[in-house]
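Notes follow once the structure below has been shown.
Residues take their numbers from the sequence shown, with the count starting at 1.
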Amino acid sequence: MFTVAILSQKGGTGKTTMALHLAVAAEKAGQLAAVIDLDPQASAAGWKDSRKAETPVVVSVPATRLPQALEAARAGGADLALIDSAPHSGDVALAAAEAADLILIPCRAGILDLRAIGATARIVKLGGKRAFVVLNAMPPRAPNVLADARAAVAVHGLEVSPVSLQQRAPFAHALTAGQTAHEYEPDGKAAEEVTQLYAWLWNELSNSIA
């Protein structure tokens, strides 16, 4: 089982949206995924409560129970565990980082978000794991914004995922209905971007143990 921590010390970056979309993308690709929600707001667990489908499994636990939650996911046959961490909590983020095989850091392209990534970068270094920034809610057809964002991230010694997610309405609308973009608009651009992001992520994970 691979474990991916989705971290950001800044709120509103899209951690939960990314975790849930990647979990469903894993199912579409034939893997079994579990989401472990460490955020006291329990947004991922709330999404699961409104969802008709039984999978993916979503559990809400305090960070102190993370090892047990990961062991339960492994015992349940999960191929991928996605840890949805809490913002503004260094101890929780560090616990998630230390438990992960790889870390994803969702970040919007705005200057305030990019400047705030330093706190997360420090936690990544403490955790000692490979991490990628995933530029999220990107404005369409804005290559200059993408270039500026990549340059800002590089200052912190972090890698940037080759797949970015654009600002698309289905990401938000789907979650309201207990779905993800794959289910809300299967042939849409949002679903396509998540599929590409998951394919890249799974390849990175698989190569890490090759």
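- Summarising the geometry of L32 relative to G77, their closest heavy-atom pair is CD2-O, 3.4 Å, with the distance given to 0.1 Å.
- R130 places no side-chain N or O within donor-acceptor distance of the main-chain N or O of E159, the cut-off being under 3.5 Å.
- The hydrophobic cluster containing V194 also contains I6, counting ILVMFWY residues as joined when their side-chain heavy atoms lie under 4.5 angstrom apart, directly or transitively.
- Here the shortest heavy-atom pairing between G90 and Q9 reads N-OE1, 3.4 Å.
- The CZ atom of R168 sits 6.5 Å away from the NZ atom of K189 when rounded to the nearest 0.5 Å.
- Expressed to the nearest 0.5 Å, how far OG1 of T180 lies from CH2 of W47 amounts to 6.5 Å.
- In this structure, CD in E54 is found 7.0 Å from NZ in K48, a value given to the nearest 0.5 Å.
- Distance NZ/K129 to CD/E98: 7.5 Å, rounded to 0.5 Å.
- Residue L104 holds its CG atom at 5.5 Å from CG of L201, rounded to the nearest 0.5 Å.
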Exercise. Run the side-chain contact (heavy atoms from CB on, under 4.5 Å) check on L102 and F2 step by step: do they pass?
Worked result: CA-CA 8 Å; L102 186 146; F2 294 121; over 6 Å; no
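- Other residues, nucleotides and ligands contribute only 12 or fewer heavy atoms inside 6.0 Å of the CD atom of Q41.
- Shown here for A33 and P56, the closest heavy-atom pair between the two residues is O-CB, 3.6 Å.
- Between the E193 side chain and the A190 main chain, no donor and acceptor come within less than 3.5 Å of each other.
- A salt bridge does not link E183 with K52: none of the charged nitrogens is closer than 4.0 Å to a carboxylate oxygen.
- With a 6.0 Å radius and a threshold of 12 heavy atoms from other residues, nucleotides or ligands, R115 has its CZ atom at or below the threshold.
- For A131 against L158, the heavy-atom pair with the smallest separation is CB-CD2, 4.3 Å.
- For the pair F171 and H21, the tightest heavy-atom approach, listed with the atom from each and the gap, is CD2-NE2, 3.5 Å.
- The side-chain heavy atoms of T176 and S50, taken from C-beta on, include no pair separated by under 4.5 Å.
- When the options N136, V153, L114 are evaluated for a side chain to side chain contact (heavy atoms under 4.5 Å, CB included) with C107, the one that passes is L114.
- Classification of the H173-Y184 ring pair by plane angle, with boundaries at 30° and 60°, yields tilted.
- Cluster annotation: M18 and L38 are assigned to distinct hydrophobic clusters (Ile/Leu/Val/Met/Phe/Trp/Tyr, side-chain heavy-atom contacts under 4.5 Å, transitive).
- Taken together through direct or relayed side-chain contacts under 4.5 Å among Ile, Leu, Val, Met, Phe, Trp and Tyr, L20 and V57 form parts of separate hydrophobic clusters.
- Residues V61 and V35 are members of separate hydrophobic clusters, defined by side-chain heavy-atom contacts under 4.5 angstrom among Ile, Leu, Val, Met, Phe, Trp and Tyr.
- The shortest heavy-atom contact between S43 and D37 is N-OD2, 3.5 Å.
- For T13, the side-chain contact (heavy atoms from CB on, under 4.5 Å) partners are S8, K10, K15, P106, D113, not counting sequence neighbours.
- Summarising the geometry, atom OG belonging to S161 is positioned 8.0 Å from atom CG belonging to L135; distances are rounded to the nearest 0.5 Å.
- Listed by chain and residue number, L66, L70, I83 satisfy the side-chain contact (heavy atoms from CB on, under 4.5 Å) test with A99 (two or more places apart in sequence, or in another chain).
- Side-chain atoms of K125 do not come within 3.5 Å of backbone N or O of T120 as any donor-acceptor pair.
- Side-chain contact check for H182 versus T195: some heavy-atom pair is nearer than 4.5 Å.
- In the hydrophobic cluster analysis, where Ile, Leu, Val, Met, Phe, Trp and Tyr join through side-chain heavy atoms closer than 4.5 angstrom, L126 is grouped together with L7.
- Each of L80, V163, V24, N203 was checked for a side chain to side chain contact (heavy atoms under 4.5 Å, CB included) with Y198, and the lone residue meeting it is L80.
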